[in-house]
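Accompanying notes for the structure given below.
Fair warning: this is a prediction, and the values are worked out from it, not measured in the lab.
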Amino acid sequence: MAQESSKSIYDFTVKKKEEEEYENGAPILSAKRSESQVVVVVVEEEEVRWLVGVKVKRYYNMAEHSVEIAASRLKNLLRERKEEDDQSKLDTTPPAPFDPVERIKKGFFYFKTHEFDKYPAYYHQLAQAQSPKFLVFACSDSRVCPSNILKFKPGEAFMTRNIANMVPEFNQLRYSGTGAVIEYAVVALEVEVILVIGHSRCGGIRALMTHSDDGTNSSDFIENWVKIGLPAKLKVKSEFGHLPEEKQIEKCETEAVNVSLVNLLTYPYVRAGLANKKLELMGGYYDFVNGKFEMWGMDFVNKDLLCV
């Protein structure tokens, strides 16, 4: 057995006995010289001790395997040890403070290298004009990003997001922002589908269902906005009032989508698109608790289309 200052070269086989043996602080390794058993490995001494004492016995006996396999498995064991040490360091290292600029830079760099630069023809064509097939109404909830959950590509969906994915009735004074989105999408872009997506654990629907009926508000905008879904609340209270509050809120999350679909019919360009069979209205529900997505169509009565 020869030793160097920083590393040791060991000619060894693994002993069958379970206990470790040490001499002058180093593990005693068998010096048997059978070609089928002996392997030369250069490793840090402390790593050899760990290998012999803990891991190596349960993986192999060199009398039964080739030298190459033995060396390969030793390397794997060392790698495992390093990964465990690295993970231990990660677990004890406090998280770095949030840097919004760095996060944005990394996000754009990833998009630039994995999307924009990878598909130049597609993005060149997209730069000339957009022609989306969908107009999507979704909630502002950070867990509900249609481009992620439905894998929309840039240029595929014209999109608007708000609290509780509400679509108000046609009103040029109160809801001109929503009206402008619908008008532009249907008249100028000629989208083929309007999709309204509700979702699980929606804070806006909870605010609607738990809002006091005495007319008092605790916020400047939220309660007045979610009242758009009041018909959904009244229906759920009437039909499912016997259920626990959480179940009623779940029922309202989908019923509010139907209210928005009905409200879309108050827009003249939507009605014209439906009459000309150039437009379709669809409702969806994303359950991010169980990883499910439901979808249904609307031709003045609801009909189930898909549940995945």
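- Between Arg206 and Glu253, none of the side-chain N atoms (NZ, or NE/NH1/NH2) sits under 4.0 Å from a carboxylate O, so this pair counts as no salt bridge.
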Take Leu150 and Phe293 through the side chain to side chain contact (heavy atoms under 4.5 Å, CB included) test and state the conclusion after the steps. CA-CA 9 Å; Leu150 299 180; Phe293 190 88; 4.1 Å; yes

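- Checking side-chain atoms of Asn263 against main-chain N and O of Val167 turns up a donor-acceptor pair under 3.5 Å.
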Phe158 vs Val181, test: side chain to side chain contact (heavy atoms under 4.5 Å, CB included). Steps then yes/no. CA-CA 9 Å; Phe158 197 67; Val181 169; 3.9 Å; yes

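- No donor-acceptor pair closer than 3.5 Å links the side chain of Gln248 to the backbone N or O of Lys237.
- Put simply, OH on Tyr267 and OG1 on Thr178 are 6.0 Å apart, with the number rounded to the nearest 0.5 Å.
- No side-chain heavy atom of Tyr269 sits less than 4.5 Å from a side-chain heavy atom of Leu279.
- Lys227 NZ: more than 12 foreign heavy atoms inside a 6.0 Å radius.
- Contact annotation: the side chain of Tyr175 approaches that of Ile228 to within less than 4.5 Å [non-hydrogen atoms, C-beta and beyond].
- Going from atom CH2 of Trp296 over to atom CG of Asn258 covers 5.5 Å, rounded to the nearest 0.5 Å.
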Working for side chain to side chain donor-acceptor pair (under 3.5 Å), residues Ser218 and Glu223: CA-CA 8 Å; Ser218 59; Glu223 284 136 332; 2.8 Å; yes

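- Residues Tyr286 and Ile249 fall into different hydrophobic clusters, defined by Ile, Leu, Val, Met, Phe, Trp and Tyr side chains chained together at heavy-atom separations under 4.5 Å.
- One hydrophobic cluster, built from ILVMFWY side chains closer than 4.5 Å, cannot hold both Met166 and Leu265; they sit in different ones.
- Cluster annotation: Met159 is connected to Met295 through the hydrophobic network of ILVMFWY side chains, with a link wherever side-chain heavy atoms come within less than 4.5 Å.
- Taking 4.5 Å as the limit, every side-chain heavy atom of Val289 sits out of range of all side-chain heavy atoms of His199.
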Hey, mind stepping through Leu243 and Lys251 against side chain to side chain contact (heavy atoms under 4.5 Å, CB included) and telling me if it holds? CA-CA 10 Å; Leu243 296 179; Lys251 295 288 185 182; 4.2 Å; yes

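- Grouping Ile, Leu, Val, Met, Phe, Trp and Tyr residues whose side-chain heavy atoms lie under 4.5 Å apart, directly or via other members, places Phe108 in a hydrophobic cluster with Phe111, Phe116, Tyr119, Tyr122, Tyr123, Leu126.
- Around NE2 of His124, the count of heavy atoms belonging to other residues, nucleotides or ligands within 6.0 Å does not exceed 12.
- Atom CZ of Arg271 is surrounded by more than 12 heavy atoms from other residues, nucleotides or ligands within 6.0 Å.
- In this structure, the side chain of Arg161 does not engage the main chain of Ala138 through any donor-acceptor pair within 3.5 Å.
- Note that the CG atom of Asp99 and the CD1 atom of Ile104 stand 9.0 Å from one another [nearest 0.5 Å].
- Within a 6.0 Å radius of CD in Gln128, other residues, nucleotides and ligands contribute more than 12 heavy atoms.
- A donor-acceptor pair under 3.5 Å is absent between the side-chain atoms of Ser176 and the main chain of Leu173, judged by distance alone.
- Interatomic distance, CG of Leu281 versus CG of Leu274, reported as 4.5 Å (0.5 Å rounding).
- Glu115 meets the salt bridge (Lys or Arg N to Asp or Glu O under 4.0 Å) test with no other residue; sequence neighbours excluded.
- With contacts defined as side-chain heavy-atom distances shorter than 4.5 Å, the pair Leu264/Val196 qualifies.
- Of the possible polar contacts, one joining the Thr266 side chain to the Phe170 backbone as a donor-acceptor pair under 3.5 Å is found.
- With a 4.5 Å cut-off on side-chain heavy atoms, Val257 and Tyr285 do not count as touching.
- At a threshold of 4.5 Å between non-hydrogen side-chain atoms, the residues Arg103 and Phe98 count as touching.
- Checking side-chain atoms of His114 against main-chain N and O of Tyr110 turns up a donor-acceptor pair under 3.5 Å.
- From Leu195, atom CG reaches atom OG of Ser260 across 11.5 Å, with rounding to the nearest 0.5 Å.
- Heavy-atom neighbours of Glu239 CD from other residues, nucleotides or ligands within 6.0 Å: above the threshold of 12.
- Within the model, atoms CD of Glu192 and CD of Glu280 stand 9.5 Å from one another, a figure rounded to the nearest 0.5 Å.
- At least one side-chain heavy atom of Tyr184 sits under 4.5 Å from a side-chain heavy atom of Leu189.
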